[in-house]
Structure formats: structure tokens, C-alpha cells
Amino acid sequence: MFKLDPIKKMDEEERLKYMNMLLKSQLSSEKDNLANLSNATGIIMACIDRLNWAGFYILRGKELVLGPFQGLPACNRIEIGKGVCGTAVKTREVQLVPDVNLFPGHIACDSASNSELVIPIIKSGRVYGVLDLDSPEKERFTELEKKYFIKFVEILNEYVDWRADT
Ligand code: SME
């Protein structure tokens with residue numbers, strides 16, 4: 001069982017480190033990709049505050065398809081190059097968007113979202129999808145979070161077989 005009490009007393013960086021430690025420990029004891037990705041979204045929501053959506057879009061052929069997530073129901077499919085997620089895939093770069101209303105082509109799945117952090121999932125040079133975080137607050141995401149969520153995806157890459165169907 002997760003111990004979340006310690007989080008309350010932690011500063012931002014300690015909390016991000018704790019999140020990544022929880023992820024590693026969770027993934028190291030299970031091999032099923034779907035279970036691991038589902039728990040990854042639960043770990044994010046438990047450790048990080050002021051989010052309204054956290055989840056995965058997985059590249060299937062030429063489009064992104066919705067994967068495990070927490071939040072309101074979201075768009076099932078996103079074209080490469082469209083929205084913040086599709087842009088992260090096309091550019092292969094992290095998208096830290098302080099105000100999604102100013103992002104050309106932003107896809108509003110949940111009208112509550114005002115800022116977004118999208119990390120492309122790249123392993124051995126190949127893009128497998130994105131990790132998408134949404135917040136109702138403008139300018140919610142920090143450079144420190146960007147750094148630790150890149151690490152979060154690196155941990156996922158150690159344990160998840162993205163070539164499998166789930
Ligand atoms: N806003 C995203 C779409 C996915 S939802 O936020 C869950 C985008 O523009 O790609």
C-alpha cells in the first residue's frame with residue numbers, strides 16, 4: 001500500500017523524487033503494461049496537486065489513441081501534429097504550455113484545462129506516444145516538474161514494452 005502521508009511535508013523537488021521512487025517500485029514488481037500504465041497515472045494524481053487530467057496517448061499507426069488516464073473522458077484519437085500532444089510527437093520535444101488558450105490548434109478535451117505539460121515517449125529513437133498532464137491553473141507547470149517528468153518517462157521506458165498492444 002502507498003504511504004502518501006510523507007508527501008504533505010515535502011517541498012516540490014522532494015515530492016517529485018518521491019513520485020519517481022514510487023513509480024520505480026511499482027513497475028519493478030509487475031510486468032503487465034496496462035497495469036503499469038494505469039498505476040503510473042494513479043501515482044501522478046496522488047503525488048501532484050492542481051491537475052485535472054493525467055494520462056497517456058499511445059501511437060497506433062499514424063495517430064495517437066487514448067490510453068490509461070485519470071480525469072474526465074477525453075478525445076479518443078489525436079492526429080500527429082495536432083494539438084499539444086500531436087505537436088510533442090511531431091517535434092519530439094516536451095511541450096510546456098503556460099496557457100493552452102494561446103496554443104494554436106490546442107484540443108480542448110476538458111474546458112477546465114488551462115495549462116499543459118506533454119512529454120513525448122521516445123525509446124531507442126522511436127516515438128511511442130505521450131504522457132499528458134493538464135491543469136486548470138494557467139502557468140501551473142515548472143521547469144523542475146518538466147525535468148522530473150522526463151525522468152518519469154525514462155523509468156517507464158525501463159519497464160514498459162511499448163511494442164506490445166497494451
Ligand atoms: N489538450 C490536448 C488533448 C488531450 S486532453 O488535454 C486530455 C492537446 O491539445 O493535445
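Counting starts at 1 for both ligands and their atoms, following the listed order. The figures that follow rest on heavy atoms only: side chains count, while hydrogens, waters and symmetry mates do not.
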query = Applying a heavy-atom distance cut-off of 4.0 Å, which protein residues contact ligand 1?
reply = Trp53, Tyr57, Ala74, Ile78, Gly83, Val84, Cys85, His106, Ile107, Cys109, Glu116, Asp132, Asp134
inquiry  = Return the CD to CD1 distance between Gln70 and Ile43, rounded to the nearest 0.5 Å.
reply    = 10.0 Å
key: ring-ring contact (aromatic ring centres under 6.0 Å, His included) against Phe149, all qualifying residues, sequence neighbours excluded   = Phe152
inquiry  = Under a 4.0 Å threshold between the charged nitrogen and the carboxylate oxygen, would Lys123 count as salt-bridged to Asp161?
reply    = no
task = Would you mind listing every disulfide bond (SG atoms under 2.5 Å apart) that reaches into residues 40-89, with sequence neighbours excluded?
result = Cys75-Cys109
request  = Enter the distance from Phe56:CZ to Trp162:CH2 here, rounded to the nearest 0.5 Å.
outcome  = 5.0 Å
message = Taking side-chain hydrogen bond (donor to acceptor under 3.5 Å, both in side chains) as the cut-off, I'd like each qualifying pair that reaches into residues 12-22, sequence neighbours left out, listed once.
response = Glu12-Thr142, Glu13-Tyr148
